[in-house]
Amino acid sequence: MSSSVSVAAEWDLLSDRFYRRITIYSPLPWSSPATTTASSSGGGSGGVGRLDLSTHIVAAAPFGGPIAAVRDDSKIVQLHSEPSRRRLLLFSSSGHPLASSPWTPHLPRLHSLAFSSSLNLLALLSDGSLLRFHLPDLRPTPSSSPVPLLPPASGGVADAVFWGGGVAILTEDNRVVVTTDIEVDDPHPRELADPGVSEDEQVLCMAVVEPQFVMSGSPEVLLGVGDRVVAVDEDGVQVLGEALEIGPVQRMAVSPNGKLLAAFAHDGRLLVIPTDFSRIIFEYECDSALPPDQIAWCGLDSVLLYWPEVLLMVGPNGDPVQYNYDEPIMLIPECDGVRILSNSSMEFLHRVPDCTTLIFGIGSMSPAALLYDARDHYDKQSAKAYDNYQLISSSLPEAIEACIDAAGYEFDVSRQHTLLKAATYGLAFCSQLRHGRFQEMCKMLRVLNAIRDPEIGMPLTIQQYKLLTATVLTGRLIKANQHLLAFRISEYLNLNPEVVIMHWACEKIAASAAIPDIVLLESLLDKLRLCKGISYAAVAAHADNTGRRKLAAMLVDHESQSSKQIPLLLSIDEQDKALQKSIESGDTDLVYLVLFHIWQKVAVEKNAPLDFFGIINARPLARDLFMTYARHSKHEALKDFFLSTGRLQDAAFLLLKESRELEKNPMASKGSPLHGPQVRLVEQAHRLFAETKEHLFESKSAEEHAKLLRVQHHLEVSTKQAIFMGSSVSDTIKTCIAMGNDRAAAKVKSEFKVPDKRWYWLKACALATVGNWDALETFSKEKKPPGGYKPFVEACIDAGQKTEALKYIVKLTDSAEKSQAYTRLGMDKEAEAAALQAAGNGDELFSRLKFTLGQNALIDTLRDRLSSY
């Protein structure tokens, strides 16, 4: 039990709980004057020298994150071997320098530093502007210019509180401005309600209840003003705790779960109260009424107060625990404890877990303690090992669980091994416990021990690791350029290493400006091939952004996904290859993407269309897709394509289509503006058809159509009536006759060689349509009609003029035609008589009459009469 006693001797009792302070790293490299250099992103490297927390503005990221520092220019500093120019320094938690960058001179005074939840370094200046730095190279992002967060007339920053995703700023004129999106390029600060602080009052302290702990989803800012505490949010201001008579509050800290508030009052009392100030949970009177320099929660059970040289830990009951320091320290709250950073060491103060207390507590006879002792006896080959087993056989699973859990909370590797050995001793006798539990803990401890190494400097506890998750941890290692460790952890935990390898590849390209593309390509491919399905296109895009286009072109050839490969090929001006790849993929959307991209470039260059047409004409799929698209929206481009590739007939048909579209245009009915272009389009089509031997008919038709359009255009101009365009030759003649313009009709007849027989039909129809019966009769007597008088009869019947029709029926020489005419006029007897005269053609005539009359009694009579002949 001696080992248990030595372990428990390191603990401190607070109320009924034990706490322990573990030294994680000591001494820190920066505590030695011999500390040398750190890589610099802003102009070379320089000596880091000794880092004194009392003379620097310092920030530390949670979850064992890095530490940033800038010398405080408001304090007088004795420069030993340090450079006189201020520098922004970045260290790991183990004190190893990571980066160093010159601090930009002539900026407003630095107020505070902080880390965002994504591990970007934030610097708040005294005028309320914000600088952001990318890790690990401390590169300003998105630019070196500060982003203003306060209105111009605010007077600057009086106090500020950061949390993972935002910052709350108290201005010199006592206004509260909150920004919840500090990581975006253009943050949107907003002013909360006026806290109502008068000119003779002073804000003594400030704290923030983070948005995730507030029902409204917006941060709530607590201000200690005079003898009251006010809660400020977007909706208004509320005075808290008036009934509690706390008095002026000089320091405040909100608990990690957002439910409790630790407040140091003016009379030296430490109060723990709910954030709604409904009651006082407990209070403790400190020996000093001076407000502490720092106040922080250690988990949820105790509060730390720091004055120079004294750190006081106060719990709900009993005496506090006091730690003495002869150097300045900084408290870094974590979810399960507090990291204590000093000039020479990094410590972790936390509550001793129950499982550890059961095993190492002085005088503990718990099953876990007996199992631990049994393993010790087993190693010594003592029979007491089996005796201990018999004592705890009924509680063996719980004892094994306690040993496994206790190993997870230990930083000392040898103690981890001892506890795990005790668990394996118990597992040999226990079949009830899941063995995977032991394996999971071993995996977690291997990961934790690897990242706790001083060279890495990430002192995560097992609770922090579980809360952070392995995926986020690998992301943090990547951001620290610890790619090898991140890759090994990903492989060990069966995580996808793609993100790790891609980030390494991008960093390798950025750091290899002097290496030839071919050599660098082989180096990259050796690692990229380790991960199946990795995006070569993303790495190639980074290479292109860094100015290595040839390397990008070689990398993108290895991309298997066309949807990623082709856009990148276009961005690096590899249009031919992109078009070929898109065609090979069979994805018409990708082909169209390439075609549109090339065409946009063509629109800027004069001679480029011919090159474009040559490219697509050699590729049938691209050619057909272009033609399909151009037929609907880009006729000119399609016409140029047909002409440049010798497809004259297709160009001619396209011109005819354009002519028809002009004809359908509503403006075409209002006169001549569109008729000229329409005629020219048809004439161009005629000339193109004429150049091909296979399209003589189309050439002649286009010529005739152009001639007709010119005639119709002339008629519309001369008659001032837009009624001719788009009609046929026959309709044009009929329209002219109907208007009384016989000369124009005759001219059309002559130009288009209309036969006389057709001419008679057209003129008879036109005269009957306008009811000019005298002219019709005169026309019928001019000479014997070449096709007989049937056109006159039909025209009169269609016009509903029975009397006029009878004039011409008697002149019909064909009895069958007479019978049909009489039938249409409803003159059944005359129709029967005419039918009898045509007895020789009875069957044919009967069929015609049946078609004309349908089924009625006359049909039966005619059938009987005709059958007698």
Side-chain angles (χ1 to χ4, degrees), residues 1-27 94 298-299 301-302 311 313 315 318-326 336-340 342 344-385 387-389 391-392 395 398-426 441-442 445 448-449 452-454 459-463:
M1 288 290 187
S2 59
S3 61
S4 300
V5 173
S6 62
V7 172
E10 301 172 356
W11 302 348
D12 298 294
L13 181 63
L14 180 66
S15 300
D16 58 345
R17 300 286 187 180
F18 286 102
Y19 284 78
R20 64 179 174 182
R21 184 177 49 163
I22 302 171
T23 300
I24 305 174
Y25 304 115
S26 180
S94 59
C298 183
D301 299 319
S302 62
L311 178 64
M313 181 167 59
D319 294 332
V321 176
Q322 179 174 320
Y323 301 99
N324 297 318
Y325 288 89
D326 58 1
D336 55 347
V338 171
R339 278 189 292 152
I340 303 173
S342 68
S344 59
S345 66
M346 173 70 77
E347 299 173 324
F348 182 62
L349 176 62
H350 73 125
R351 198 183 85 183
V352 178
D354 293 339
C355 56
T356 304
T357 305
L358 289 174
I359 298 171
F360 296 111
I362 297 176
S364 175
M365 295 297 292
S366 67
L370 292 175
L371 178 60
Y372 182 83
D373 195 40
R375 176 66 198 209
D376 185 47
H377 289 304
Y378 176 79
D379 289 338
K380 295 176 182 178
Q381 299 183 353
S382 170
K384 290 183 179 180
D387 295 339
N388 280 11
Y389 160 67
L391 291 173
I392 62 172
S395 304
E398 293 81 359
I400 296 171
E401 286 276 3
C403 288
I404 293 174
D405 291 338
Y409 288 104
E410 294 297 328
F411 276 77
D412 185 86
V413 177
S414 62
R415 195 171 296 165
Q416 294 172 5
H417 289 169
T418 305
L419 287 165
L420 290 175
K421 285 181 179 180
T424 56
Y425 179 76
M441 180 57 70
C442 291
L445 285 175
L448 290 173
N449 291 336
R452 289 169 184 169
D453 185 274
L460 282 181
T461 65
I462 192 167
Q463 284 182 271

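What you see below is based on every heavy atom in this structure, not just the backbone, and it leaves out hydrogens, waters and symmetry mates.
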Under the ring pair (Phe, Tyr, Trp, His ring centres under 6.0 Å) test, which residues partner [X], sequence neighbours left out?
X: H377; value: none
X: Y389; value: Y386, F429
X: Y409; value: none

[X] side chain near [Y] side chain, heavy-atom distance below 4.5 Å:
X: I462; Y: M441; value: yes
X: T356; Y: E410; value: yes
X: T357; Y: S364; value: no
X: H350; Y: D336; value: no

How close do [X] and [Y] get, heavy atom to heavy atom, and via which atoms?
X: C403; Y: A422; answer: SG-CB, 4.0 Å
X: D453; Y: Y25; answer: O-OH, 4.2 Å
X: A385; Y: A374; answer: CB-O, 3.3 Å
X: S94; Y: P454; answer: OG-O, 2.6 Å
X: P320; Y: L14; answer: CA-CD1, 3.9 Å

Going by salt bridge (Lys or Arg N to Asp or Glu O under 4.0 Å), name the residues that satisfy it together with D319, two or more places apart in sequence or in a different chain.
none

Residues forming a salt bridge (Lys or Arg N to Asp or Glu O under 4.0 Å) with D379, sequence neighbours excluded
R375

Just jot down the side chain to side chain donor-acceptor pair (under 3.5 Å) partners of [X], sequence neighbours excluded, or say none.
X: Y325; result: R21, E347
X: Y19; result: S302
X: E398; result: none
X: R351; result: D301

I392: which residues meet the side-chain contact (heavy atoms from CB on, under 4.5 Å) condition with it, sequence neighbours left out?
P367, L370, L371, L396

Can you name the residues that form a side-chain contact (heavy atoms from CB on, under 4.5 Å) with S15, not counting sequence neighbours?
P316, N317

Decide if atom OH of Y378 counts as having more than 12 heavy atoms of other residues, nucleotides or ligands within a radius under 6.0 Å.
no

[atom2] on [Y] to [atom1] on [X], rounded to 0.5 Å:
X: D373; Y: I359; atom1: CG; atom2: CD1; answer: 11.5 Å
X: C442; Y: I404; atom1: SG; atom2: CD1; answer: 8.0 Å
X: D412; Y: N449; atom1: CG; atom2: CG; answer: 9.5 Å
X: R452; Y: I24; atom1: CZ; atom2: CD1; answer: 8.0 Å

Between the main-chain N or O of D376 and the side-chain N or O of Y425, is there a donor-acceptor pair closer than 3.5 Å?
no

Using only atom types and a distance under 3.5 Å, with no angle test, would you say the side chain of S345 pairs donor to acceptor with the backbone of S26?
no

Salt bridge (charged side-chain N to carboxylate O under 4.0 Å, His left out): which pairs involve residues 353-369, sequence neighbours left out?
R17-D354

Check the angle between the aromatic planes of Y372 and F360 and answer parallel, tilted or perpendicular using the 30° and 60° thresholds.
perpendicular

Pick from L349, D12, L311: which one makes a side chain to side chain contact (heavy atoms under 4.5 Å, CB included) with V321?
D12

